[in-house]
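Some notes on the structure that comes next.
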Amino acid sequence: MGDKSSMGKVLYPKTSPHATGMLQVSNLHTIFWERSGNPSGEPVIVIHGGPGGGSQPAYRQYFSPEKFDIIQFDQRGCGKSTPYAELQENNTHNSVADIEALREHLGLDSWHVFGGSWGSTLALIYAQNHPKRAQSLILRGIFMCRKSELQWFYQQGASHVFPDAFEPYSQHIPVEERHDLITAYYQRLTHEDVEIRRAAAKEWTRWEMATSRLLPDPEYLDKAEDLDFAVAFARIECHYFINGIFVEDGHILNNVEKIKHIPTTIVQGRYDMVCPTISAWELHKALPESKLIIVPDAGHSMGEPSIARELVNATDNI
Ligand code: STX
């Protein structure tokens, strides 16, 4: 596909991790981490999306393997972290603490922080809590997880642009519950019947995959068919969202002063339906020294060539 060959030109070659590990972060949770690139390069922590999306081998390819010591991990309950899809003790505060625990475990003093979508949410909250630890922020598809953003994507807004993809997502829920789809999905994603959980996870995940790119990619849609991925992704996302990500609405902008001094680059696809450009714009306005790049021909995904090009450009020029 055209997409893939142009991604090949944009990204660094595939690499493998030179170290991996499991870090116990509580009595219940253990998180998977990996390290690739140059062990004495500039450290960068890659924060994945969802929450519940997991780390990906391709995320390494956004960084020069000579320049960077590339670290990624699976947040609680997803990827290779255990227990799988666990919601107990799984919240934003624990995730921030896990990033600190990993930094200390690896013996690093500070690092660059890279994250897209929910990865941008968590990167921002992490930096606000530990501003001395974040040398820079590279953020993509800004998601501040406010009620307005959740309403837009999971209830009404994106539905006006993608009514076809929205139909199976909304119709999975009986009419009398459709006024609050996040709550209706939460009930099903946490249901005792595994088949009910899996069916809901598939529709929830399909909706997000179908809307993540300017030009649809069938392979990306198949992620929703991978129920091991979909169950963790949908359950963990929905759990965080029904709890307002465990902070007050507007938390990131309310605390923006704390990160004003950190060099910040924001890469945002103009036609991002999952995390519309208004959030990137508001963040940029609140961080006047940040660099905002609005990519004219892209949606939400970092797998889109024009987004990838800007991200690689940003990491090359850190
Ligand atoms: N969730 C947005 C998000 O963080 C509202 C996200 N969307 N898709 C992903 O993450 C994956 C790429 C991890 C599947």
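Heavy atoms only: backbone and side chains are in, while hydrogens, waters and symmetry mates are out. All figures in this text were calculated on a predicted structure; none of them were measured in a lab. Each ligand, and each atom within it, is numbered from 1 in the order the structure gives.
In this pair, F233 and F229 present their aromatic rings parallel. The plane angle is below 30°, not in the 30 to 60° band.
Between F143 and F241, the distance from one ring center to the other falls under 6.0 angstrom. Checked against the 6.0 Å centroid criterion, the rings of F246 and H239 qualify as a close aromatic pair.
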Solution key, residues 164-173 side-chain donor-acceptor pairs under 3.5 Å, sequence neighbours excluded:
{"residue": "Y169", "atom": "OH", "partner": "Y154", "partner atom": "O", "Å": "2.8"}
{"residue": "S170", "atom": "OG", "partner": "F166", "partner atom": "O", "Å": "3.3"}
{"residue": "S170", "atom": "OG", "partner": "E167", "partner atom": "O", "Å": "3.3"}

Pairs under 3.5 angstrom, nitrogen or oxygen on both sides, ligand 1 versus protein: list them out, please.
{"residue": "ligand 1", "atom": "1 (N)", "partner": "G50", "partner atom": "O", "Å": "3.1"}
{"residue": "ligand 1", "atom": "1 (N)", "partner": "E208", "partner atom": "OE2", "Å": "2.8"}
{"residue": "ligand 1", "atom": "1 (N)", "partner": "E237", "partner atom": "OE2", "Å": "2.9"}
{"residue": "ligand 1", "atom": "4 (O)", "partner": "G50", "partner atom": "N", "Å": "2.7"}
{"residue": "ligand 1", "atom": "4 (O)", "partner": "G50", "partner atom": "O", "Å": "3.3"}
{"residue": "ligand 1", "atom": "4 (O)", "partner": "S117", "partner atom": "OG", "Å": "2.6"}
{"residue": "ligand 1", "atom": "4 (O)", "partner": "W118", "partner atom": "N", "Å": "2.9"}
{"residue": "ligand 1", "atom": "7 (N)", "partner": "E208", "partner atom": "OE2", "Å": "2.6"}
{"residue": "ligand 1", "atom": "8 (N)", "partner": "E208", "partner atom": "OE2", "Å": "3.4"}
{"residue": "ligand 1", "atom": "10 (O)", "partner": "G50", "partner atom": "N", "Å": "3.2"}

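Here the CG-CE distance, from L11 to M302, works out to 8.0 Å after rounding to the nearest 0.5 Å.
A salt bridge links K260 to E257: one of the charged nitrogens lies within less than 4.0 Å of a carboxylate oxygen.
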